[in-house]
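This report concerns only the one structure given below.
The model shown is predicted, which means the values in this text are computed figures rather than measured ones.
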Amino acid sequence: IQKANELELKLIKTGEAIIQAQADLEAAEEKKEEQYEAMKKRIKFMYESGTGSATVEKVMTSGDMSSMLSQAEYSQKMHEYDREQLKEYTNTVTEIENLQKTLEEEQKNLEATEKEYEAEQATLTETINSKKDEITNLDGMIQEAARKAEEERKAEEERRRREEEAKNNVTPEQPVD
């Protein structure tokens with residue numbers, strides 16, 4: 001019974017872990033979708049405003065040296081930002097893969113624990129049924145013993161009654177006046 005209780009607790013904990021893993025997975029997938037949409041907008045903006053040589057052209061045609069440096073710094077920051085966003089997106093995709101693996105493992109653990117729990121329940125049910133049969137047999141034996149004891153008591157009562165009758169019938173004769 002204790003093992004069944006332990007297995008039941010394990011099933012509950014595994015179920016809770018699965019629910020949490022599903023929630024984490026959903027959150028990560030939403031985050032991935034948001035990042036993907038942001039990257040699409042950024043790429044569209046870069047395409048529409050020109051890339052590569054257009055950026056170099058903006059730096060070169062920005063006029064004075066101060067504007068040129070500002071434009072170069074801005075371009076560098078945008079490049080770093082884009083790289084960081086791509087890295088974050090890649091990390092999110094990896095996180096989703098890991099969460100999916102975790103979820104699959106938890107599902108397998110749950111299934112294994114359920115099978116173990118069912119086997120333990122079957123064993124307990126079998127033991128209970130066996131004990132019920134034993135109790136039924138013992139009840140029958142007790143009833144039979146009670147019946148025999150009652151018969152013996154009645155037989156003993158009958159024997160005493162006959163002895164008493166015999167005593168009353170065999171009494172010495174008394175003179176009659």
Side-chain angles (χ1 to χ4, degrees), residues 1-140:
I1 294 177
Q2 183 180 0
K3 185 173 183 181
N5 289 339
E6 289 171 1
L7 288 172
E8 190 172 356
L9 287 174
K10 187 176 179 183
L11 281 172
I12 291 168
K13 287 181 181 178
T14 303
E16 289 170 350
I18 288 173
I19 290 169
Q20 183 60 49
Q22 287 173 331
D24 292 346
L25 181 60
E26 287 175 15
E29 286 177 343
E30 286 176 17
K31 182 179 175 183
K32 174 188 164 196
E33 192 61 34
E34 289 171 5
Q35 290 173 336
Y36 181 75
E37 290 301 317
M39 284 177 51
K40 278 182 16 182
K41 286 180 184 177
R42 177 72 181 124
I43 290 169
K44 182 179 177 185
F45 172 76
M46 287 171 49
Y47 178 77
E48 289 173 354
S49 66
T51 59
S53 63
T55 303
V56 172
E57 186 178 322
K58 282 181 185 177
V59 170
M60 298 307 252
T61 60
S62 56
D64 63 7
M65 189 61 143
S66 174
S67 296
M68 187 193 244
L69 288 174
S70 292
Q71 188 64 40
E73 186 177 338
Y74 173 77
S75 295
Q76 180 64 30
K77 284 183 180 179
M78 289 304 294
H79 180 70
E80 288 172 7
Y81 174 80
D82 289 345
R83 283 207 175 272
E84 186 59 38
Q85 291 303 308
L86 182 59
K87 183 178 177 183
E88 208 174 294
Y89 180 77
T90 304
N91 289 342
T92 301
V93 170
T94 302
E95 179 185 3
I96 288 172
E97 290 170 357
N98 291 337
L99 287 170
Q100 286 174 332
K101 286 178 187 175
T102 300
L103 185 59
E104 289 170 4
E105 289 172 9
E106 290 295 334
Q107 290 283 15
K108 287 178 185 176
N109 289 341
L110 180 65
E111 290 170 7
T113 304
E114 283 176 340
K115 286 179 184 176
E116 191 177 349
Y117 179 76
E118 289 170 1
E120 188 64 27
Q121 286 294 94
T123 301
L124 284 173
T125 301
E126 186 178 311
T127 301
I128 289 170
N129 290 337
S130 171
K131 295 300 177 187
K132 283 181 181 177
D133 290 344
E134 286 180 34
I135 289 170
T136 302
N137 289 339
L138 289 173
D139 281 345

Between atom NE2 of His79 and atom CG of Asp82, what is the distance when rounded to the nearest 0.5 Å?
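His79 NE2 to Asp82 CG: 8.0 Å, rounded to 0.5 Å.
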Can you check whether Leu86's main-chain N or O pairs, donor with acceptor, with Thr90's side chain at less than 3.5 Å?
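Confirmed, Thr90 side chain pairs with Leu86 backbone.
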Salt bridge check: are Glu37 and Lys40 linked by an N-O gap of less than 4.0 Å?
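Between Lys40 and Glu37 there is a salt bridge, with a charged N closer than 4.0 Å to a carboxylate O.
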Please determine whether a side-chain nitrogen of the Lys or Arg among Glu34 and Lys31 lies less than 4.0 Å from a carboxylate oxygen of the Asp or Glu.
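Salt bridge: no.
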Show your reasoning for whether side chain to side chain contact (heavy atoms under 4.5 Å, CB included) applies to Leu7 and Leu11.
CA-CA 6 Å; Leu7 288 172; Leu11 281 172; 5.6 Å; no
Could you tabulate the donor-acceptor pairs under 3.5 Å formed by side-chain atoms of residues 112-124, not counting sequence neighbours?
from, atom 1, to, atom 2, distance (Å)
Thr113, OG1, Asn109, O, 2.8
Thr123, OG1, Ala119, O, 3.0

Passes salt bridge (charged side-chain N to carboxylate O under 4.0 Å, His left out), Lys77 versus Glu73? Steps please.
CA-CA 6 Å; Lys77 284 183 180 179; Glu73 186 177 338; 3.3 Å; yes
According to side-chain hydrogen bond (donor to acceptor under 3.5 Å, both in side chains), does anything in residues 14-29 pair up with another residue at least two apart or in another chain? List the pairs.
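Sorted pair list: Gln20-Asp24.
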Under the side-chain contact (heavy atoms from CB on, under 4.5 Å) rule, collect the residues that match up with Ala28, sequence neighbours excluded.
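If we apply the side-chain contact (heavy atoms from CB on, under 4.5 Å) test to Ala28, skipping adjacent residues, the hits are Glu95, Ile96, Leu99.
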Trace of the side chain to side chain donor-acceptor pair (under 3.5 Å) decision for Glu80 with Gln76:
CA-CA 6 Å; Glu80 288 172 7; Gln76 180 64 30; 3.1 Å; yes
Can you name the closest pair of heavy atoms from Gly15 and Leu110 and give their distance?
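Looking at all heavy atoms of both residues, the closest pair is N-CD1, 4.4 Å.
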If you take all heavy atoms of Leu103 and Leu25, which pair is closest and at what distance?
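That closest heavy-atom pairing would be CD2-CD2, 4.0 Å.
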Gln107 and Glu111: CA distance, side-chain angles, deciding distance, side chain to side chain donor-acceptor pair (under 3.5 Å) verdict:
CA-CA 6 Å; Gln107 290 283 15; Glu111 290 170 7; over 6 Å; no
Which of these passes side chain to side chain donor-acceptor pair (under 3.5 Å) with Gln35: Glu30, Gln85, Glu88?
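Considering Glu30, Gln85, Glu88, a side chain to side chain donor-acceptor pair (under 3.5 Å) with Gln35 is found only for Glu88.
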